[in-house]
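Following: one structure in C-alpha cells, then a few remarks.
Numbering starts at 1 and runs along the sequence shown.
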Amino acid sequence: MKKKILVSALALTTALSMAACGSSSAATSTAASAAAETAAGSETAEAAESTAAEAAESTAEEAPAEAAEDAIPENEISGNADAEDAFVVWGWNTDFETIKGLLEKEDPEIGKRLVLVNCGGSNFYQDKIDAILDNPSDKLYPDLMLLEAGYVQKYVQSDYLLSLEDLGITSADTANQFQYNIDLGSADGVQKASFWQATPGSLTIRADLAEKYLGTTDQAELEQMFSSWDSILEASRKVNEASEGKVKLFSGYDDLKYIFLNGSRTQGWYDENDNIVMDPAMEEYMEYAKVLYDEDLTFNTTMWDTDWAALKDGDGETTEACIAFCSCPWYTYWCLTDTWNANTILVDAPVQFYWGGTGLAATKDCSDKEAAAQIIKTVTCDADFMAKIYQANGDYVNNSEAIKTVVDQSLAGTSAFTCFNDQNIYEFYSTRGEGIDVSLVRPEDATINESLFPAAVTAYCESGDMDKAVADFKAQVHDTYSYLNAG
C-alpha cells in the first residue's frame, strides 16, 4: 500500500500541475486562491487555493531548475518544534489556527504544545507529508494530520494511521457524525480519520435571473425544475432561448461533475480484480454533457477558471451570466460574490451528493496518543465545541447535535452572506447528507475525478466518439496507476 500511496501522490501532483498550465490569467489565480483559502472544504477549491503557486510552477517549466524549486513554498511553522513535549499538526492552510485558538481556551496546556505546520497549499501537501511519514525521528513528523475528502482514502487504506479505537475513541463518541464522513474516514470498517466538516451538496440559484428567465423565485417550484436531469435540460433550453444565449442555466457541464461523481455512481473506478471500469452513471454524465455541448446550452467553462468566475456577476444583458452553480455549505458562504448576497436560493440536486470536507487523523508513531485522542474527540465529536467552531470560522460541522444547536439558537457564524427571502443556510443543509453513499470511493479518486475523467468528458463532447474517449481514459488511468488494468 505504501507503493500505491507514492504513485498516487505523484499522480495528483502531475494532475494539479496540468491544471495550473491551463490557468487563464494571474487574476484567476488571485481570485481563486482568495476564495479557496477561506473555503477549506473542497478538493477543487483546494486546488484553486494554490493556483497562484501552481501558475508560477507552470511558468518555471521553461525556466532553470532553480526557479522551479523556488516555486515550492517553505513550510510555515507556528509553535516551538524543538520543545520536548511539542505536538505537531500538519495542514495546508491556516484553517486549524482558528481551531487551535479554541483548543487553547479549553485546555491552555495542550494549546501551548501545538506546533502547526502549514505546507503552503494543498498542491504540495501530499508530496511533503508523504516524504516525512517514513521518518518518525524528524522533529516535524506529524502527530496529527489534516486530511481532505478527496484523498483521505489514500491514507486510511495505508499503514500510516492509528484507528480511533487505538486512541480510545468509540462509536458512541462518533454517533452524531454523518455516516458518509465516517465511511470516508474508514478502511474495512475501521475508522481512522474523523471529520469536523460536513459538506452535503446542493444547487445555488440566482434569484433575480431565475425570476426573469424561469418565471419564479419560489423554492418549491425551483425544486421541481431541478428535480431530474430531464427537467434541468428543459430549463436549460428555456433559459437559452429566452435570453438568446446571453444567459445559461449552468456555466459549463463541468459544474455538474460532482453531483455524478459524488452522488450517482454505483461502482468504483476499478473492480475487485483491479480492472478499470466505467460506471453507467459516468457514461450518463458524458452523454448529458454532450447534449449540453451540442445544443450550446452552457458557456463550456471549467470550474475555477476566470470566465467561469466572471459569469457569477454578469447582468445577462451587457454581460453574459448563468443562473445556477453546484454548491455546498462552504461554497455558499465563501465563494459566491456580492451579486448573490440576499439573492441566492438553495435547492436540491437530482441526487444527494457531497463536495469536500476536512478531518483529522493520528499517525502510527504519534508522540502522545492521549493528546491526539483529546484533540480529535474535542474537535470532531464534542457537540458544544463544534458549535463554537461554526461560530469561530463558519464551518458546517459534522455533528447533528451541534447543527441542531446552531439552528435552534440561531447562532451566528463569521459569514455575513445571506440567502434570498431569509432562507436559512444552516437549516437548509441540516436535513441533507443522510443518504450519501461513499462506499465506492478509492484512493485514486482525487486524480481520476479532478483530471483524468474530466478530460475524457471534454474529449467525447468535442469528438463524439464515446468508445475512443473511454478507451483513452482507461489507458491514461493505467498509465497513471500501472497496477490497474485497462482491459
Side-chain angles (χ1 to χ4, degrees), residues 31-32 35-36 38-49 149-150 178 180 197-210 214 217 219 222-223 225-227 229 232 235-236 248-264 298 301-305 308-309 311-313 321-358 390 394-397 403 413 415-421 423-433 435-436 449:
T38 314
S42 157
E43 57 261 37
T44 304
E46 287 173 344
E49 177 185 4
F178 282 97
Y180 86 90
Q197 290 179 331
T199 55
S202 74
L203 295 172
T204 53
I205 312 300
R206 190 170 140 182
D208 59 337
L209 296 180
L214 295 175
T217 56
Q219 182 187 355
L222 289 169
E223 288 276 10
M225 291 184 188
F226 289 86
S227 62
W229 295 114
I232 289 175
S236 296
K248 311 284 187 179
L249 191 64
F250 286 98
S251 177
Y253 54 78
D254 193 52
D255 281 80
L256 306 177
K257 65 185 177 187
Y258 292 119
I259 305 173
F260 283 90
L261 287 165
N262 296 342
S264 295
T298 76
T301 59
T302 299
M303 296 178 75
W304 305 107
D305 277 356
W308 172 84
L311 288 162
K312 293 179 186 178
D313 294 320
C322 68
I323 293 176
F325 283 93
C326 177
S327 195
C328 61
W330 60 261
Y331 184 89
T332 303
Y333 282 123
W334 305 117
C335 295
L336 291 173
T337 62
D338 288 344
T339 302
W340 292 69
N341 194 22
N343 193 30
T344 295
I345 302 167
L346 300 174
V347 302
D348 287 317
V351 297
Q352 287 196 49
F353 70 104
Y354 70 98
W355 185 10
T358 308
Y390 164 70
D395 281 338
Y396 180 81
V397 292
I403 292 169
S415 171
F417 189 89
T418 61
C419 283
F420 178 77
N421 204 25
Q423 183 184 30
N424 187 296
I425 298 173
Y426 224 76
E427 186 173 10
F428 172 86
Y429 286 114
S430 70
T431 59
R432 274 71 186 175
I436 298 171
N449 292 353

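We find the CG-CD distance between Asp348 and Gln219 to be 8.0 Å, quoted to the nearest 0.5 Å. Here Phe353 contributes atom CZ and Leu203 contributes atom CG; the two are 6.0 Å apart, rounded to the nearest 0.5 Å. Taken from CG in Leu209 to CG in Asn343, the straight-line distance is 7.5 Å, to the nearest 0.5 Å. The distance from the OG1 atom of Thr344 to the CG atom of Asp208 is 9.5 Å, given to the nearest 0.5 Å. One finds the CH2 atom of Trp308 at 6.5 Å from the CG atom of Asp255 (value rounded to the nearest 0.5 Å). Atoms CD and CD1, from Glu223 and Ile345 in turn, are 10.0 Å apart once rounded to the nearest 0.5 Å.
Across all non-hydrogen atoms, the minimal contact from Met225 to Leu214 is CE-O, 3.4 Å. Taking every heavy atom of both residues into account, Leu336 and Thr204 meet most closely at CD1-CG2, 4.0 Å. Of all the heavy atoms in Ile403 and Ser430, the pair that sits closest is CG2-CB, 3.4 Å. Across all non-hydrogen atoms, the minimal contact from Pro200 to Tyr180 is N-OH, 3.8 Å. Taking each heavy atom of Ala198 and Pro329 in turn, the nearest pair found is O-CG, 4.2 Å.
When atom types are taken as modelled, the side chain of Lys312 and the backbone of Cys335 share a donor-acceptor pair closer than 3.5 angstrom. Using modelled atom types, one side-chain atom of Thr199 and one backbone atom of Gly356 make a donor-acceptor pair closer than 3.5 Å. Side-chain N or O atoms of Asn262 include none that pairs as donor or acceptor with a backbone N or O of Trp355 at under 3.5 Å. Remark: the backbone N or O of Phe250 is not paired with any side-chain donor or acceptor of Thr298 at under 3.5 angstrom. With hydrogens and angles ignored, the 3.5 Å screen pairs a side-chain donor or acceptor of Thr301 with a backbone N or O of Ser251. Here the side chain of Thr431 pairs a donor or acceptor atom with the backbone of Phe428 at under 3.5 angstrom.
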* Please step through side-chain contact (heavy atoms from CB on, under 4.5 Å) for the pair Phe226 and Leu249, ending with a clear verdict. => CA-CA 11 Å; Phe226 289 86; Leu249 191 64; 3.7 Å; yes
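Listed by chain and residue number, Tyr390, Tyr396 satisfy the ring pair (Phe, Tyr, Trp, His ring centres under 6.0 Å) test with Tyr426 (two or more places apart in sequence, or in another chain). Applying the side chain to side chain donor-acceptor pair (under 3.5 Å) test to Ser415 and every residue at least two apart in sequence or in another chain returns nothing.
Between Ile436 and Phe178 the shortest side-chain heavy-atom distance does not fall below 4.5 Å. You'll find the side chain of Thr339 reaches within 4.5 Å of the side chain of Arg206, heavy atoms only. Between Trp229 and Ile259, some side-chain heavy-atom pair lies under the 4.5 Å cut-off.
There is a side-chain donor-acceptor pair under 3.5 Å between Thr332 and Tyr429. Using modelled atom types, one finds a donor on one side chain and an acceptor on the other under 3.5 Å when comparing Thr418 with Asn341.
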